[in-house]
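So the structure is just underneath, and the comments pick up after that.
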Number of protein chains: 2
Amino acid sequence: MHDMDAPQVPAPGLRERTRRAVRAELMAEAWRLFAAQGFEATTVEEIAAAAGMSKRSFFRYFVSKEDLVLGNLEDVGREVAAALAERPADESAWQALRRAFDGLVAEIEADADRFRPLLTMLRSEPGLHASHVEKRQRWQTMLAPQLAARVPARAGGSQDRPDPRLAALAGAALTCFDVAQTAWLDDPATDLAALLDEVMTAISTLTP
Amino acid sequence: MHDMDAPQVPAPGLRERTRRAVRAELMAEAWRLFAAQGFEATTVEEIAAAAGMSKRSFFRYFVSKEDLVLGNLEDVGREVAAALAERPADESAWQALRRAFDGLVAEIEADADRFRPLLTMLRSEPGLHASHVEKRQRWQTMLAPQLAARVPARAGGSQDRPDPRLAALAGAALTCFDVAQTAWLDDPATDLAALLDEVMTAISTLTP
DNA sequence: CCAATAATGACACCCGGTGTCACAGTCTGC
DNA sequence: GCAGACTGTGACACCGGGTGTCATTATTGG
């Protein structure tokens, strides 16, 4: 394999670099406005104007106004799924799920000052909240297949369709994460990791 | 307690009756159009015209186009919460949650032919799906407080804030319901109750 | 029958989002 | 150096969901 022709990952290329710069500029400007007037009250035209461009061009960088806020959530989901895939094989599904969140939890707690207003906005603005919940529910479909090896085979079910128990486990873990995150937002004293531990062990001990 | 002076429930009043009739008419007309062309492809103006009224009047009966589809979900959530509250006290939280779904499960299976296209549409149309997920997540806040008596007191937590473990249990049960419902849509052969049983017992047995 | 009240239609408007077109820049190969 | 091809951009019109307003029309109650 030659070098010189790597398509996207190792060669950002000037095109892609400027594109990323403009996206970052738009995000920064948008965030300033959101903090000042809220998400809904800020219009796309304002954001575009603040970054010195037309509304039409804004939509060439973000597919929607919500995408500006929630776009990177897709990658975060992939990171969690990757972390789950790399957990040792002797961990149970539930343990592995708990550990798969470690990176994200650490990241959030590391600069909580940046994440707290973001997450708070995600809960307060209705449209944003809906999209957030939906996007995060799609993590479930990324995580579920990774659990197959950690769960005994299904009793009677057909093997061709995806095992709903895996989806349920992944979904329950994500619910725990969401609940812990919410409690963490409401009570700045406690730390997120402890909350997640408490909530996930509650599921394992209180479900029979 | 006298009778004769119940304010709204037993005395619909002609005003409210016609209002309900118009709402029903709009829903029927809308559903016909949705089935023919899909949710997004059907415009509010079409629905209103089909029911013989202006677009403006449509929004006097439904706060949004999505509300026409998801409006009753609010009441369904209340029904589930009521069913949960009436479960015998000796049932565990998880058992009570499972049983609280019985009414809804029976209702769905009773006329599956009506629910199947509805639920399928909720999953296929993106905007609708987002609102659905969000609305159903609000069931969590209705169910969680009912579980307090079925769960041992928290270890170190403050008593003034809501117990996140309750929200996690309710949320996990709702996730199970959602997963079972999805599997039921994909595989018309199995019955919903059995799927819900399988998935909820999977959570209780596979979480350690 | 008449006055207060509610429902309606018509119209203008906002905002998120898209399609289109013409124009500028840049990057190629000749 | 130049003709392209490709890309990014602004301008404009347009769509559709949703709202504010106002004048007109039922309905209701006295």
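Reckoned from all heavy atoms, side chains included, excluding hydrogens, waters and symmetry mates. Within every chain, numbering begins at 1; the chains are lettered A, B, ... in the order of the sequence lines, protein sequences first and strands thereafter. Keep in mind it's a predicted model, so treat the numbers as computed, not measured.
- If you check every strand for non-hydrogen atoms under 4.0 Å, Thr42(B) touches sugar and phosphate atoms only.
- Between Lys55(A) and Phe58(A), the one whose closest nucleotide on DNA chain D sits nearer the 5' end is Phe58(A).
- Judged by atom type and distance alone, Lys65(A) does not reach the base of dG17(C) through any side-chain donor-acceptor pair under 3.5 Å.
- At whole-Å resolution of the value, CZ in Arg23(B) and C1' in dT8(C) are 17 Å apart.
- A distance-only check finds a donor-acceptor pair linking the side chain of Glu46(B) to the backbone of Thr43(B) [under 3.5 Å].
- Phe58(B) and Phe62(B) have tilted rings, their planes meeting at an angle from 30° to 60° on a 0 to 90° scale.
- Inter-residue side-chain proximity for Val80(B) and Phe177(B) is flagged as unmet; no heavy-atom pair is nearer than 4.5 Å.
- Going from atom CG of Leu26(B) over to atom P of dA7(C) covers 14 Å, rounded to whole Å.
- Remark: Arg116(A) is positioned above the aromatic ring of Trp184(A), its terminal NZ or CZ atom under 6.0 angstrom from the ring centre and at most 45 degrees off the axis.
- Residue-to-nucleotide contacts include a donor-acceptor pair under 3.5 Å from the side chain of Arg60(A) to the base of dG10(D).
- The distance between atom CD of Glu45(B) and atom P of dA12(C), rounded to the nearest whole Å, is 14 Å.
- In terms of phosphate contacts, Tyr61(B) brings no side-chain nitrogen or oxygen within less than 4.0 Å of OP1 or OP2 of dA7(C).
- The side chain of Ser54(B) contributes no N or O atom lying less than 4.0 Å from OP1 or OP2 of dA10(C).
- Donor-acceptor pairing under 3.5 Å, judged by distance alone, is absent between the side chain of Arg19(A) and the base of dG8(D).
- Remark: Thr43(A) is not in phosphate contact with dC15(C), judged by side-chain N or O atoms under 4.0 Å from OP1 or OP2.
- One can place CZ of Arg17(B) at 14 Å from P of dT27(D), the figure rounded to the nearest angstrom.
- The distance between atom CE of Met53(A) and atom P of dT9(D), rounded to the nearest whole Å, is 5 Å.
- Distance check, rounded to the nearest 0.5 Å: CG of Asn72(B) to CZ of Arg23(B) gives 9.0 Å.
- Here the C1' atom of nucleotide dG16(C) and the CG atom of Leu33(A) are 16 Å apart, to the nearest Å.
- Distance CZ (Arg56(B)) to C1' (dA7(C)): 12 Å, rounded to an integer number of Å.
- The CD atom of Glu66(A) sits 10 Å away from the C1' atom of dG16(C) (whole-angstrom rounding).
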